[in-house]
Colleague: 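My questions all concern the structure below.
Below, each value reflects all heavy atoms present in this structure, side chains not excepted, and no hydrogens, waters or symmetry copies.
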Amino acid sequence: MKVNAAVLMRQLLSRSTETTGYALSLDSLKLHSLLVEGESLVMDADANLKVN
């Protein structure tokens with residue numbers, strides 16, 4: 001299985017203005033681990049978000 005976490009997060013953040021009222025963008029992402037627990041994908045990461 002291939003997962004591009006940065007692309008997925010950017011897709012989610014592309015609707016942030018509609019959902020939160022703030023335009024958020026992802027500047028950087030450092031993944032520490034990805035773990036499958038049942039039907040969930042658990043991610044441990046550091047991210048740098050920008051509020052536009």
Colleague: Mind checking whether Leu12 and Tyr22 sit in one hydrophobic cluster, side chains of I, L, V, M, F, W, Y counted as touching below 4.5 Å?
Modeller: no

Colleague: With Glu18, which residues qualify under side-chain contact (heavy atoms from CB on, under 4.5 Å), at least two apart?
Modeller: Arg15

Colleague: Check side-chain contact (heavy atoms from CB on, under 4.5 Å) between Leu29 and all other residues, then give those that pass, not counting sequence neighbours.
Modeller: Ala5, Ala6, Met9, Leu26, Leu31, Ala45, Ala47

Colleague: Between CG of Leu35 and CG of Leu41, what distance do you get to the nearest 0.5 Å?
Modeller: 8.0 Å

Colleague: Which heavy-atom pair separates Val36 from Gly38 by the least distance, and what is that distance?
Modeller: CG1-O, 3.7 Å

Colleague: Any side-chain hydrogen bond (donor to acceptor under 3.5 Å, both in side chains) involving residues 25-44? Give me the pairs, sequence neighbours left out, ordered by first then second residue.
Modeller: His32-Asp46

Colleague: Before you tell me yes or no, could you show the steps for Leu8 and Val3 under side-chain contact (heavy atoms from CB on, under 4.5 Å), namely the whole-Å CA-CA distance, both residues' side-chain angles and the distance that decides it to 0.1 Å?
Modeller: CA-CA 8 Å; Leu8 293 173; Val3 175; 3.6 Å; yes

